[in-house]
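The figures here come from the full heavy-atom set of this structure, side chains too, leaving out hydrogens, waters and symmetry mates. Source: prediction; values computed, not measured. Quick note on labels: first sequence line is chain A, next is B, and so on, each numbered from 1.
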Number of protein chains: 2
Amino acid sequence: MSTTTTRDWEGELHTHARRVTKQRLAVLAVVERFPHSSAEAIAKVARETLPALTVQSVYVVLADLHTLGMVRRIEPPDSPALYETRTGDNHHHAVCTGCGRVEDVDCAVGHTPCLTPSSTTMTIRIADVLYRGLCRDCEAAQSTEATLATPNFPSPTNQR
Amino acid sequence: MSTTTTRDWEGELHTHARRVTKQRLAVLAVVERFPHSSAEAIAKVARETLPALTVQSVYVVLADLHTLGMVRRIEPPDSPALYETRTGDNHHHAVCTGCGRVEDVDCAVGHTPCLTPSSTTMTIRIADVLYRGLCRDCEAAQSTEATLATPNFPSPTNQR
DNA sequence: AAGGTTATTATGACTCACTCACAATAAGTG
DNA sequence: CACTTATTGTGAGTGAGTCATAATAACCTT
C-alpha cells in the first residue's frame with residue numbers, strides 16, 4: 001500500500017517511451033503523495049521502500065519527468081525546487097513567508113489569468129503567479145512573537 | 001559620468017542609517033544602469049570604476065539593500081537572482097525562454113492583479129507574476145531553426 | 001583636523017542544490 | 001534466455017551564495 005497511486009504511471013511512462021523502473025515509480029508515488037516536495041525530501045521518503053535509491057538518481061528522474069511534462073517544477077525563493085504531479089491545469093502557488101509551506105491556488109480568473117500583460121514585445125506562453133503571505137499558524141505565531149520581541153526592531157526576512 | 005545616477009542614493013542610505021560607501025554607491029549605480037543584472041554581472045561592471053570590489057561584498061551589499069527595500073530581487077528559473085532599482089510599484093517580469101532576457105511588465109490589471117486568489121487559507125501579501133515566452137529575436141531564430149532541425153523532435157527546455 | 005568607535009568590506013573557507021562522466025545494472029526485445 | 005541499450009549508482013565537480021574573521025574606512029566627537 002506504500003506505493004498506491006491513483007494515476008497509471010506505468011502506462012504514462014510507456015506512452016513516453018520510457019522504461020518502467022522501480023525508481024521512477026517510487027519517485028512518482030512520493031511526488032503524488034506529497035506534493036510540493038524537494039528532491040531531497042522525495043529521496044528520503046522513497047528510500048523507505050527502495051533503500052538503494054540515491055539522491056542523484058532522484059534528480060535525474062525528476063528532470064526527465066519534468067521535460068516529459070509528467071511532473072511540474074516550482075521554484076519558490078529561498079527554497080530548493082519543489083515538484084508536484086498536478087500538471088496540465090494552470091494553477092498557481094502560495095508560499096508562506098514564515099514557514100515556507102506551499103499551497104495550491106486555483107486561477108483567480110476562471111481561465112488563464114494575467115495572460116495579457118499590458119506592455120511587452122514578447123510572445124507570452126505561460127504566466128506563473130507566486131503568492132506570498134502568511135499561513136494561519138505563522139500569522140498566529142507572529143502576533144504573539146511580536147509582543148515578546150523588541151517591538152520596533154522587526155527581524156530580517158529570515159524565511160526558511 | 002560613469003557613476004551618474006538619477007536617484008539620491010546617498011540620501012536614501014542616510015535615511016536607512018547606512019554609511020555611504022563607494023561600494024554601495026557603485027552597486028546602486030550599476031543596478032540602476034543595468035536592471036535585471038546578476039550579482040556577478042554587477043560586480044564585473046562595478047569593478048571598472050572600483051577594481052578592488054569583490055563579488056562577496058556585492059552579495060552582502062545587495063542582500064542588505066534588498067532588506068531595506070532599495071533594490072528588488074527577482075529569481076527567474078534556471079538563472080541566478082537578478083536585481084533592479086525599480087521598487088514600490090508592483091510590476092512583473094517576462095523572461096524569454098530562449099535567451100533568458102528579462103523585461104518589465106506593468107500590471108495587467110491597473111491595480112494589484114490577482115491579489116484575490118480563489119481559494120487559500122493564507123493571508124496574501126504580494127503576488128509576483130512571472131511571464132514566460134519568446135522575445136522577438138528568439139522567435140525569429142526558433143522558426144528558422146525549426147526548418148533546419150528535425151521537425152518532430154523538439155529540443156529539451158535548454159533555456160540558459 | 002585628528003582620533004576613536006563601529007559599520008562595512010575583503011579574504012578565504014564552506015554549504016547547498018544540482019550536474020556530469022563513467023561504470024554497473026536491469027528493462028524490454030527478439 | 002540472451003542481448004541491447006536505457007537507466008541507475010558512484011564519485012567528482014560546478015555555480016550561487018553564505019559565514020567567520022580580520023582589515024579598512026565612514027561618521028561622530030572633540
Side-chain angles (χ1 to χ4, degrees), chain A residues 9-28 36-44 46-47 49-68 70-71 73-83 100 156-160, chain B residues 9-28 36-44 46-47 49-68 70-71 73-83 100 156-160:
Chain A
W9 298 124
E10 200 166 328
E12 294 195 31
L13 286 171
H14 272 135
T15 64
H16 283 293
R18 290 298 189 278
R19 293 187 181 171
V20 179
T21 66
K22 299 189 289 271
Q23 292 84 338
R24 281 206 251 251
L25 292 176
V27 166
L28 283 166
H36 317 137
S37 298
S38 67
E40 209 83 32
I42 292 164
K44 191 179 287 185
R47 264 198 235 97
T49 64
L50 196 64
L53 183 66
T54 63
V55 189
Q56 283 83 342
S57 297
V58 172
Y59 277 113
V60 171
V61 167
L62 285 171
D64 186 48
L65 293 175
H66 180 234
T67 66
L68 295 180
M70 289 180 64
V71 301
R73 174 192 169 105
I74 61 182
E75 310 185 33
D78 307 310
S79 156
L82 308 179
Y83 299 85
T157 349
N158 197 16
Q159 65 208 46
R160 190 231 274 267
Chain B
W9 297 124
E10 202 165 328
E12 294 195 31
L13 286 172
H14 272 135
T15 64
H16 283 293
R18 289 299 189 278
R19 294 185 179 171
V20 179
T21 66
K22 298 189 291 271
Q23 291 85 337
R24 282 206 249 251
L25 292 176
V27 167
L28 282 166
H36 316 137
S37 297
S38 67
E40 208 83 32
I42 293 164
K44 191 178 287 183
R47 263 198 237 98
T49 65
L50 196 63
L53 183 67
T54 64
V55 189
Q56 283 83 341
S57 296
V58 173
Y59 277 116
V60 171
V61 167
L62 286 171
D64 187 48
L65 293 175
H66 180 234
T67 66
L68 295 181
M70 289 179 66
V71 301
R73 174 192 169 104
I74 61 181
E75 311 185 34
D78 307 311
S79 156
L82 308 179
Y83 298 86
T157 350
N158 197 16
Q159 65 208 47
R160 191 231 273 267

Asker: Is there side-chain contact between Leu28(A) and Val61(A), with at least one heavy-atom pair below 4.5 Å?
Answerer: no
Asker: Quick check: closest heavy atoms across Ala43(B) and Val58(B), and the distance to 0.1 Å?
Answerer: CB-CG2, 3.7 Å
Asker: What's Val61(A) touching, base or sugar-phosphate or nothing? Going by heavy atoms closer than 4.0 Å.
Answerer: sugar-phosphate
Asker: Would one find a side-chain N or O of Gln23(A) under 4.0 angstrom from OP1 or OP2 of dG9(D)?
Answerer: yes
Asker: Tell me the interatomic distance from Leu28(A), atom CG, to dT7(D), atom P, rounded to whole angstroms.
Answerer: 13 Å
Asker: Given that Thr21(B) and Val60(B) both sit by DNA chain D, which one's nearest nucleotide is further toward the 5' end?
Answerer: Val60(B)
Asker: To the nearest 0.5 Å, what is the distance between OG (Ser79(B)) and NE2 (His36(B))?
Answerer: 11.0 Å
Asker: For Pro76(A) and Ile74(A), work out which heavy atoms get closest and say how close.
Answerer: CD-O, 3.4 Å
Asker: Before you tell me yes or no, could you show the steps for Val55(B) and Arg47(B) under side-chain contact (heavy atoms from CB on, under 4.5 Å), namely the whole-Å CA-CA distance, both residues' side-chain angles and the distance that decides it to 0.1 Å?
Answerer: CA-CA 9 Å; Val55(B) 189; Arg47(B) 263 198 237 98; 3.1 Å; yes
Asker: Going from CG on Leu68(A) to CD on Glu12(A), what distance comes out if it is rounded to the nearest 0.5 angstrom?
Answerer: 10.0 Å
Asker: Using side-chain heavy atoms (C-beta onward) and a distance below 4.5 Å, is Thr67(B) in contact with Arg73(B)?
Answerer: no
Asker: For dA25(D) and Arg19(B) - does any side-chain N or O of the residue sit under 4.0 Å from the phosphate oxygens OP1/OP2?
Answerer: no
Asker: Roughly how many Å is it from CG in Leu50(A) to C1' in dT8(D), rounded to a whole number?
Answerer: 10 Å
Asker: What is the distance, to the nearest angstrom, from the CG atom on Leu65(A) to the C1' atom on dA6(D)?
Answerer: 14 Å
Asker: So what does Ala63(B) hit on the nucleic acid, given a heavy-atom distance under 4.0 Å: a base, only sugar-phosphate, or nothing?
Answerer: nothing
Asker: Distance check needed: dA7(C) P versus Asp64(B) CG, whole Å only.
Answerer: 12 Å
Asker: Regarding Ser57(A), tell me which of base, sugar-phosphate or nothing describes its non-hydrogen contacts under 4.0 Å with the strands shown.
Answerer: base
Asker: What integer distance in Å separates Leu62(A):CG from dT7(D):P?
Answerer: 15 Å
Asker: With a 4.5 Å cut-off on side-chain heavy atoms, are Leu13(A) and Leu65(A) touching?
Answerer: yes
Asker: Identify which nucleotide among dT8(C), dT11(C), dC27(D) has an atom closest to any side-chain atom of Thr54(B), counting heavy atoms from C-beta outward.
Answerer: dT11(C)
Asker: Looking at Thr49(A) and Pro51(A), what are the two nearest heavy atoms and their distance?
Answerer: C-CD, 3.8 Å
Asker: To the nearest Å, give me how far apart NE2 (His16(B)) and P (dA7(C)) are.
Answerer: 18 Å
Asker: If you look at every strand shown and take non-hydrogen atoms under 4.0 Å, does Val55(A) touch a base, only sugar-phosphate, or nothing?
Answerer: nothing
Asker: I want to check one thing: is the phosphate of dT9(C), taken as OP1 and OP2, less than 4.0 Å away from some side-chain N or O of Lys22(B)?
Answerer: no
Asker: Using five pairs at each end of the helix from dA1(C)-dT30(D) to dG30(C)-dC1(D) to define an axis, what is the angle between those two axes, to 10°?
Answerer: 30°
Asker: To the nearest Å, give me how far apart NE2 (His14(B)) and P (dT8(C)) are.
Answerer: 11 Å
Asker: If you round to the nearest 0.5 Å, how far is CG of Leu62(A) from CZ of Arg24(A)?
Answerer: 11.0 Å
Asker: Leu25(B) has an atom CG; how far is it from atom C1' of dA25(D), in whole Å?
Answerer: 14 Å
Asker: Protein-nucleotides 13-17 of chain D N/O pairs closer than 3.5 Å?
Answerer:
| residue | atom | partner | partner atom | Å |
| --- | --- | --- | --- | --- |
| dG17(D) | OP1 | Ala81(B) | N | 3.1 |
| dG17(D) | OP2 | Tyr59(B) | OH | 3.0 |

